[in-house]
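What follows is a short report on a single structure.
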Amino acid sequence: MSIDENENNRLRAERLRKLKSLQEEGVNPYPYAFGRTHKAEQLQKIYEGLAPGEETQDVVKVCGRIMNERNTWMFVDLYDESGKIQLFCHKENLSEQDLKRLRLCDKGDFLGATGTIRRTKQGELSVKVNSYDILTKSLQPLPDSWQGFTDVEARYRHRYVDMIINPEVRETFRKRSLVIKAIRDFLDNRGFFEIETPVLQVEAGGADARPFITHHNALGIDLYLRIATELHLKRLIVGGFERVYELGRIFRNEGISTRHNPEFTMLELYAAYGDYNELMDFTEEMLVCAHDAICSGMPVVFEGKEINFARPWKRLRMVDAIKGVTGVDFTNITTYEDAKVAALKLGVEVKDLENRGAIVNEVFEALVEHTLLHPTFIIDYPVEVSPLTKAHRKNTGEVERFELFALGRELANGYSELNDPLDQRKRLEEQARKKAAGDLEAMPMDQDFLLALEYGMPPTMGLGVGIDRLVMLLTNSISIRDVIAFPTMKPLVQETKEGRQETRL
RNA sequence: GGGUCAUUAGCUCAAUGGUAGAGCAGUUGCCUCUUAAGCAAUUGGUUGGAGGUUCGAAUCCUCCAUGACCCA
């Protein structure tokens, strides 16, 4: 609907009529401020012991959004961020003009009220209103609060309405904020510095993913939005920082699903002088801390399934995890051809995979990943799928890498970082070869990163955590869109007579 | 990319080829210590868009748009 069409909307027209009436009476429907004395929740707490029918002479000022009205505006449910407080508007305390003017309000308007505290006979704590101010006139009708607002598309497109009507939505984003704060506090308390690295990059490296491309006019060059922060955070370790992290937005030009949004939030941290064994302990501690921030002492229950967060978490070699589920032991399958045969026998498609390690990884993803309900570290990945990870100290063909799974989903990815500059160069050359051969997700050569490694990066452990997926797990959210306030949506377009496309709401 | 389903009033939903409806919201009035307040009356629609079949289409067909779920 465009604004013009909306002029004809009768519900909006009704509100515009009321707005005009208020203005004609000299009332400013959009004043500048209101001096509140208490939030709703505070009052509920302070007057918890007040018996039904009792009242006090305590004068308070409250404000919030009108969500319901009963008995021709005698009772008004006012909601602020903390909760609900009822207003009691009786003719004993308000002039006839004030009572009449109150009827120019609508559900959705913001109101400030001054009055005394009384608990009604029915037991509802109320502010007995002596005077009120209209703080904002709302022109749009709210969805029915009893039937709810359930249209998924409309909820995402107009998230603010979703938040007004569905309180649990606001609660999810409050929890998200607390999780992120807990993680930052955890890291800050352990000597980490958060350093911001470039979003716009000449080469998008550090992960296997297709980047977004954009253009810098003054330089006349294309730039990519980052798909990871890894290569720059490692440069900081080279530069002398020993503990760094960045918790920020990552962009990947891939499909949209219940688990993928083109922009999402990732934590990456790097700490010098540690390896992946130490990093697993660290990861457990940090995520338990994040969990405690919003559901301390409570088990995580996701769709009826209880997730056991108790430490220590299971650590399982990838080949052993595959053996456990399928009975096939890939330690004895050393050639590409044999691996291909074994995978096909298990019903796993391998047609685009060009080496043994990629096949092992594919078998794991296809058959094992979804079975990992409780937090589990899968360790010791094939070298071919881990171009930035240090070779395993004992096992040939493997690297010192883990991924953390819970509820069948990848939550985190960590490793002993590859700091041998010559080995790293070889690995990136292999990636460049794949890219040249048409693999859109292969990493580009980042010569400056290789140069940095040649100056020397100390032994380092590094971790990436998908914050959105973590919040999904901790808030029992089925879709990533439920934990991203404004998820990416296809714009609605409308063909016009001229063949032009026009955005509508 | 493929499959299945969906899109009707501000919201939640009916109407299976034969006059587009209900509840809530809105408006008007009554009532005045209510909790989804109640009672009465009443307004509100290009049935997502474009074509087609038919005497007749929300309904059947084709295409398009958007979304949800499943699959890759």
Side-chain angles (χ1 to χ4, degrees), chain A residues 1 5-18 21 44 51-55 66-79 83-94 96 99-100 102-109 115 118-129 138-158 161-162 164-166 254-260 303 347-353 362 365-366 370 440 478-482 487-497 499 501-505:
Chain A
M1 250 178 308
E5 282 170 284
N6 231 343
E7 291 290 349
N8 299 323
N9 179 303
R10 62 180 204 291
L11 295 175
R12 183 169 183 269
E14 207 44 68
R15 288 172 180 239
L16 282 172
R17 180 183 63 77
K18 292 172 183 170
S21 298
Q44 300 288 1
E54 272 191 73
E55 54 183 291
I66 298 168
M67 291 304 288
N68 200 8
E69 151 273 323
R70 285 177 294 280
N71 226 341
T72 320
W73 294 94
M74 182 179 277
F75 301 99
V76 177
D77 289 342
L78 205 65
Y79 279 77
K84 172 188 146 182
I85 184 74
Q86 179 174 266
L87 303 183
F88 177 43
C89 305
H90 200 267
K91 52 189 170 191
E92 279 176 23
N93 303 290
L94 287 167
E96 199 170 312
L99 285 169
K100 203 174 155 201
L102 201 52
R103 298 188 63 168
L104 295 173
C105 289
D106 284 292
K107 287 169 195 176
D109 290 358
R118 166 189 168 81
R119 191 177 290 281
T120 66
K121 284 176 188 165
Q122 298 298 321
E124 187 73 38
L125 189 72
S126 308
V127 173
K128 198 166 162 184
V129 177
S138 162
L139 299 181
Q140 291 288 340
L142 288 173
D144 188 283
S145 58
W146 177 241
Q147 297 293 342
F149 182 50
T150 58
D151 182 278
V152 182
E153 184 184 352
R155 288 181 50 203
Y156 292 144
R157 286 195 192 279
H158 306 290
V161 180
D162 191 21
I164 294 168
I165 297 297
N166 300 315
E254 292 165 358
I256 296 176
S257 76
T258 48
R259 295 186 197 185
H260 300 88
E303 295 205 289
V348 177
E349 283 272 350
V350 296
K351 58 178 178 213
D352 292 338
L353 306 176
E362 180 64 26
E365 285 183 4
H370 68 272
L440 294 166
I478 292 164
S479 170
I480 196 168
R481 293 176 156 191
D482 294 329
T488 305
M489 300 289 283
K490 203 164 181 175
L492 291 174
V493 289
Q494 207 172 18
E495 294 289 340
T496 63
K497 278 176 192 164
Q501 293 197 323
E502 215 169 63
T503 304
R504 65 187 174 89
L505 291 176

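Any value given below was found using the heavy atoms of this structure, including those in side chains, with hydrogens, waters and symmetry copies removed. Here is how names work: the chains are called A, B, and so on, in the same order as the sequence lines, proteins then strands, and each is numbered from 1.
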Listing time: all N or O pairs from protein to nucleotides 68-72 of chain B that are below 3.5 Å?
unit_1: B:A68; atom_1: OP1; unit_2: A:R481; atom_2: NH1; d: 2.3

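Taking atom CH2 of A:W73 as the reference point, atom P of B:C30 lies 18 Å away to the nearest angstrom. At whole-Å resolution of the value, CG in A:L11 and C1' in B:C11 are 10 Å apart. Spacing between atom CZ of A:R155 and atom P of B:G67 amounts to 16 Å, rounded to whole angstrom units. Atom CG of A:D106 and atom P of B:C24 are 18 Å apart (whole Å). Atom CG in A:D151 sits about 13 Å away from atom P in B:G10, given to the nearest Å. As a whole-Å value, the separation of A:M67 CE from B:A25 P is 13 Å. Following rounding to the nearest Å, A:N166 (CG) and B:U12 (P) show an atom-to-atom distance of 10 Å. One interatomic measurement links the two molecules: CD1 of A:I256 to C1' of B:U66, which rounds to 13 Å at whole-angstrom precision.
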Problem set entry | Sequence-aligned protein contact record of nucleotides 33-38 of chain B, with B where the base is within under 4.0 Å of a protein heavy atom and S where only the sugar-phosphate is | BBBBB-
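Applying the side chain to side chain donor-acceptor pair (under 3.5 Å) rule to A:E124 yields no partners; only residues at least two apart in sequence or on another chain are considered. Evaluation of the side chain to side chain donor-acceptor pair (under 3.5 Å) rule for A:R118 yields A:E55 as partners, not counting sequence neighbours. Take A:R15 and apply the side chain to side chain donor-acceptor pair (under 3.5 Å) test, not counting sequence neighbours, and it matches A:S138. Evaluation of the side-chain contact (heavy atoms from CB on, under 4.5 Å) rule for A:I165 yields A:M67, A:L142, A:P143, A:F149, A:V161 as partners, not counting sequence neighbours. With sequence neighbours excluded, the residues forming a side-chain contact (heavy atoms from CB on, under 4.5 Å) with A:E14 are A:R17, listed by chain and number. Evaluation of the side chain to side chain donor-acceptor pair (under 3.5 Å) rule for A:N166 yields A:D162 as partners, not counting sequence neighbours. With sequence neighbours excluded, no residue forms a salt bridge (Lys or Arg N to Asp or Glu O under 4.0 Å) with A:R103. Residues meeting the salt bridge (Lys or Arg N to Asp or Glu O under 4.0 Å) test with A:D482, sequence neighbours left out: none. Under the side-chain contact (heavy atoms from CB on, under 4.5 Å) criterion, A:I256 pairs with A:P262, A:R481, A:T488, not counting sequence neighbours.
The closest donor-acceptor contact from the side chain of A:S126 to the backbone of A:K128 lies at 3.5 Å or more, if one exists at all. In this structure, the side chain of A:N71 does not engage the main chain of A:M74 through any donor-acceptor pair within 3.5 Å.
Straight-line distance between the C1' atoms of B:U19 and B:A6: roughly 27 Å, to the nearest whole Å. Taking the C1' atom of each, B:C30 and B:A37 are spaced 14 Å apart, rounded to whole Å. Distance check on atom C1': B:U54 versus B:C61 gives 12 Å, rounded to whole Å. Taking the C1' atom of each, B:U46 and B:A41 are spaced 29 Å apart, rounded to whole Å. Only the C1' atoms considered, B:G23 is 22 Å distant from B:C31, to the nearest whole Å. Only the P atoms considered, B:C63 is 42 Å distant from B:C24, to the nearest whole Å. When the C1' atom is compared between B:U47 and B:C60, the two are found 16 Å apart, to the nearest whole Å. Rounded to whole Å, the P atom of B:G18 lies 10 Å from the corresponding atom of B:A58.
Each of B:C11, B:G10, B:U27 was ranked by its minimum atom distance to the side chain of A:R10; first place goes to B:G10.
Atoms CD and CD, from A:E69 and A:Q86 in turn, are 11.5 Å apart once rounded to the nearest 0.5 Å.
Taken together, the paired segments of RNA chain B that extend over three or more consecutive Watson-Crick or G-U pairs, each closer than 3.5 Å at both contacts, are B:1-7 with B:65-71, B:10-13 with B:21-24, B:26-30 with B:38-42, B:48-52 with B:60-64.
Two residues, A:T150 and A:K18, neighbour RNA chain B, and the one matched to the more 5' nucleotide by heavy-atom proximity is A:T150.
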